[in-house]
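Working notes, beginning with the structure itself.
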Amino acid sequence: MAAGTVALASPSQAEAPAPAVHTLAGTHPDWAVASADKGVTPAHDQVTARVYLAGQNPAGLAAYAKAVSSPSSGQYDRFLTPTQEQQRFGATAQQVAAVRAWAAGAGLTVVGSDLHYLDVHGTATAVDRAFGTRLHEYDVHGKLLQAPATDAVLPVSVASAILGVTGLSDNAPTMRSQAEPVGNAVQGAVSETAGKPKPAPKPKPGLPTVSTCSAYWGQKKVSGAPKGYTATTTFDQCSYTPAQLRKAYGVTASGLTGKGATVAIVDAYGSSTMLADADRFAVNHGDKAFRKGQYTEVLTPKLWTQTGANDGCGGGPAGWAGEESLDVEMVHGLAPDANVVYVGANSCSDQDLMAALSTIVDKHLADVVSSSWSGLMHTTSGDESPATIAAYEQIFQQGATEGIGFDFSAGDCGDQSKAAAATGSNCDNTTTEAQTGFPSSDNWVTDVGGSALGIKDASGSYGFETDMGTLRSALSTDGKSWNPYPGTFYFGGGGGTSQDFAQPWYQGPVVPSKLAHTLMTGAVSKTAQRVTPDVAMNGDLYTSVLVGMSDGTPYSEGGYGGTSVSSPEFSGIQADAIQARHGRAIGFANPSIYERAGSADFHDVVNNTLGKGQQPLNSVADFGVVSGSLRVRLVAFGRDFGLAATKGYDDATGVGSPDAAYLESFR
């Protein structure tokens, strides 16, 4: 993180100058403005802050992570063990002792620690003393929040040992699951039979009153519906099973199953019936249940926080259960023989999610990590802090040195702008501008975007993909029109040009210069910037995948969409690729992904599947009678908000989606 050296002013010229200090930029949040200041935090208020440790050689860690991940480097594939990484780059005993002594000298007590941080606790007065600032209270949108009145500072004696500090300010951002059930999209319930092909209804006026879908793109023509975008419209595809996805993306043809690889999944909390649900789902669709010991969990339910329906974590454990089921079942579906370890964070906060990620790298629990959650860099409640970004990156870089790759969902709200959030179903309304997500846009992770996959015939062969972006209209009550028509934006894969991260070394030869220099606000950047996503796989809500779950309720199966689908799909593909490498880890995958860009290893996803007159590709999603009324939607595909799939690299689908050649290239 940024740091500068300043000198504290002396009360008088007769006194010796105060020692130099380092400024922790960004610890004074933008929302802590003078007009909202309600005074000093009471002296005896208790505060806990997290002090992240920089380690003995941060620059060396980043350099080695780059070298070991780059196929052109002489150090490529020379991964370290966690012990070796800690010895070369981790915090030393002397650094930790110095930080502990500084905290104690200010009156703070260390109340928790691991290899990456120390938690310090004390009164507001002690915190003020330790960090050279004053904590104040601010009225922000009717809530009284605490924050430093100025950026915190550190004495030079410990500054080099500290990466950053969080917890001095309230209102830290939380992460959102990127999953969306199709049942919610139509305001109806999902059931065990949802998404399965139904017998074609007898010809009669009007639309079917039972759920009706096509086994492949264009199979069943719609009759009895109002005119759509094209002369002929077909019923939407049924939700995909894992076997169909394996066939479409070349896994079946490769014969690979992920054997020998381990995929970790990180979400908040954990389902009480995950293994049983995954086994039942697999067997229901012709796949194998997990072998004994193939699926494991790392959970600490007694430490879960923010567990209430309205506590800011997406409904608590119940709200995240569908996400966990989706992630586990997609990884198992794309890589049936890979080991899966689920690591549940104690909440959806950055602090708890990072702790889960740290557990994986510190113990080398996996080769690939799938995280189907992300947040915004810039919100109405403030920006993601430099300390948090630096702490995440340290974990990602450590993982890279050990041969661990991190896959993140790109988001489900197009360019994440206010305009997209106005009608998008899985958008964050605290967005302040068009922007990329975080951690998904970080230079050290693989950002997995979304596509809409169409299979072309009864054999399940790959037909086409377009970007994950839909417009949606609802059937009118009298069944004679669509409202609104044309439809409004409803769901779309994330991506775009980041204003926060400079272009990484692996993107330069591939990403168009104009794209890298044009920010999502329309401003031109003098420097080339990071563009996302890196790759894409099926995730559209209306080319959904089946998911089975119970978690305290009767077991049911229903369709889910979102880049929450795309990330575990790609992690499963990576597990298959590791098997193709005879068990050798891939690690941070982006350098090798971009070396393959433009080759037969990827489907170049382009929005060229349009009818005459440039009408959008569209379908009718008929969910039958739900709660006494017929629920039918007209859906237009390839209409992401602010992003578009074009020839070559683009900001909607990256280099494209992997195919059989991608897997074969690792043999």
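Since this is a predicted model, take the numbers as computed values, not measurements. Computed over heavy atoms, backbone and side chain alike; hydrogens, waters and symmetry mates excluded.
Atom CG of Leu546 and atom CG of Leu245 lie 10.0 Å apart (nearest 0.5 Å). Expressed to the nearest 0.5 Å, how far CG of Leu334 lies from CD of Gln574 amounts to 11.0 Å. Residue Leu643 holds its CG atom at 10.0 Å from SG of Cys413, rounded to the nearest 0.5 Å. Annotation: the span from Ile404 atom CD1 to Leu365 atom CG amounts to 7.5 Å, rounded to 0.5 Å. Put simply, CD1 on Ile265 and OG on Ser371 are 9.5 Å apart, with the number rounded to the nearest 0.5 Å. Rounding to the nearest 0.5 Å gives a distance of 9.5 Å between CD of Glu402 and CD of Gln84.
Residues forming a salt bridge (Lys or Arg N to Asp or Glu O under 4.0 Å) with Arg88 (at least two apart in sequence, or on another chain): none. Taking the side-chain contact (heavy atoms from CB on, under 4.5 Å) definition, one finds that Gln244 meets it with Tyr240, Thr241, Ile455, sequence neighbours left out. The side-chain hydrogen bond (donor to acceptor under 3.5 Å, both in side chains) search around Thr388 returns Ser385, not counting sequence neighbours. Tyr269 pairs by the side-chain hydrogen bond (donor to acceptor under 3.5 Å, both in side chains) definition with nothing, not counting sequence neighbours. With sequence neighbours excluded, no residue satisfies side-chain hydrogen bond (donor to acceptor under 3.5 Å, both in side chains) with Glu329. Contacts of Asp659 classified as side-chain hydrogen bond (donor to acceptor under 3.5 Å, both in side chains), with partners at least two apart in sequence or in another chain: none. Looking at residues two or more places apart in sequence or on another chain, you find no salt bridge (Lys or Arg N to Asp or Glu O under 4.0 Å) involving Glu433.
Ring geometry for His603 versus Tyr462: interplanar angle under 30°, hence parallel rather than tilted (30 to 60°).
With hydrogens and angles ignored, the 3.5 Å screen pairs no side-chain donor or acceptor of Glu297 with any backbone N or O of Gly344. Checking side-chain atoms of Ser592 against main-chain N and O of Ala589 turns up a donor-acceptor pair under 3.5 Å. Listed for the Ser254 side chain is a donor-acceptor partner under 3.5 Å among the backbone atoms of Val251. Looking at Gln95, its side chain does come within 3.5 Å of a backbone N or O of Thr92 through a donor-acceptor pair. Although no hydrogens or angles enter the test, the distance criterion places no donor-acceptor pair under 3.5 Å between the side chain of Glu324 and the main chain of Met274. Side-chain atoms of Asn607 come within 3.5 Å of backbone atoms of Asp467 as a donor-acceptor pair (strictly under, hydrogens ignored). Of the possible donor and acceptor atoms, none in the side chain of Ser567 sits under 3.5 Å from a partner among the backbone N and O of Thr563. Put simply, the side chain of Gln416 never gets that close to the backbone of Gln435: no donor and acceptor are under 3.5 Å apart. Without hydrogens or angle criteria, Ser73 side chain to Gln75 main chain gives a donor-acceptor distance under 3.5 Å. Counting only distance, with no hydrogens or angles, the side chain of Ser417 and the backbone of Ala434 share no donor-acceptor pair below 3.5 Å.
For Asp352 and Ser347, the side-chain atoms include at least one donor-acceptor pair closer than 3.5 Å. Side-chain contact annotation: Ser374 with Ser409, donor-acceptor N/O pair under 3.5 Å absent. For the 3.5 Å distance criterion, the side chains of Thr379 and Ser381 qualify, holding a donor opposite an acceptor.
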**Request:** Evaluate the criterion side-chain hydrogen bond (donor to acceptor under 3.5 Å, both in side chains) for residue pair Asp650 and Thr653; output intermediate values, then yes/no.
**Result:** CA-CA 6 Å; Asp650 59 68; Thr653 60; 3.0 Å; yes
**Request:** Using the side-chain hydrogen bond (donor to acceptor under 3.5 Å, both in side chains) rule, take Ser370 and Asp327 through it: C-alpha gap first, then chi angles, then the decisive distance, then the call.
**Result:** CA-CA 8 Å; Ser370 178; Asp327 295 348; 5.4 Å; no
**Request:** Any chance you could lay out the side chain to side chain contact (heavy atoms under 4.5 Å, CB included) test for Thr470 and Leu541, step after step, and finish with the verdict?
**Result:** CA-CA 8 Å; Thr470 52; Leu541 186 61; 5.6 Å; no
**Prompt:** Can you check side-chain hydrogen bond (donor to acceptor under 3.5 Å, both in side chains) on Thr401 and Glu85, steps first, answer last?
**Reply:** CA-CA 7 Å; Thr401 70; Glu85 191 281 335; 4.8 Å; no
**Item:** Residue pair Leu617, Phe464: steps toward the side chain to side chain contact (heavy atoms under 4.5 Å, CB included) verdict
**Value:** CA-CA 12 Å; Leu617 189 71; Phe464 66 88; 3.5 Å; yes
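Residues Phe588 and Trp444 place their aromatic rings such that the two centres sit under 6.0 Å apart. With ring centers used as reference points, Phe408 lies under 6.0 Å from Phe396.
Put simply, the side chain of Asp362 reaches to within 4.5 Å of the side chain of Gln398, judged on heavy atoms. Counting heavy atoms from C-beta on, the side chains of Leu663 and Tyr249 never come closer than 4.5 Å. Taking 4.5 Å as the limit, every side-chain heavy atom of Pro509 sits out of range of all side-chain heavy atoms of Tyr594. Proximity of Trp373 to Ser440: side-chain heavy atoms (C-beta onward) are nowhere separated by under 4.5 Å. Phe637 places a side-chain heavy atom less than 4.5 Å from the side chain of Thr543. Using a 4.5 Å cut-off on side-chain heavy atoms (C-beta onward), Ile586 and Asp367 make no contact. Put simply, the side chain of Gln499 reaches to within 4.5 Å of the side chain of His378, judged on heavy atoms. Using a 4.5 Å cut-off on side-chain heavy atoms (C-beta onward), Ser325 and Tyr560 make no contact.
Every pair passing salt bridge (charged side-chain N to carboxylate O under 4.0 Å, His left out) that includes a residue from residues 243-262 is listed here, sequence neighbours excluded: Arg246-Asp287. Applying the side chain to side chain donor-acceptor pair (under 3.5 Å) test to pairs two or more places apart or on separate chains, those with a residue in residues 60-71 are Ser70-Trp505. Counting only residues at least two apart or on different chains, the ring-ring contact (aromatic ring centres under 6.0 Å, His included) pairs with a member in residues 641-667 are Phe489-Phe641, Phe602-Tyr662, Tyr662-Phe666. Judged as a salt bridge (charged side-chain N to carboxylate O under 4.0 Å, His left out), the pairs with a partner in residues 570-597 (not counting sequence neighbours) are, in order, Asp77-Arg581, Asp77-Arg584, Arg596-Asp601. Among pairs with a residue in residues 335-347, those fulfilling salt bridge (charged side-chain N to carboxylate O under 4.0 Å, His left out) read Lys288-Asp337, Arg291-Asp337, at least two apart in sequence or across chains.
Of all heavy-atom pairs spanning Tyr506 and Val445, the tightest one is OH-O, 4.5 Å. Nearest heavy-atom pair, Thr431 versus Ala421, reported as atom, atom and distance to 0.1 Å: CG2-CB, 4.2 Å.
For the side-chain hydrogen bond (donor to acceptor under 3.5 Å, both in side chains) test with Thr446, the passing option among Asp534, Asn590, Thr532 is Asn590; the others fail.
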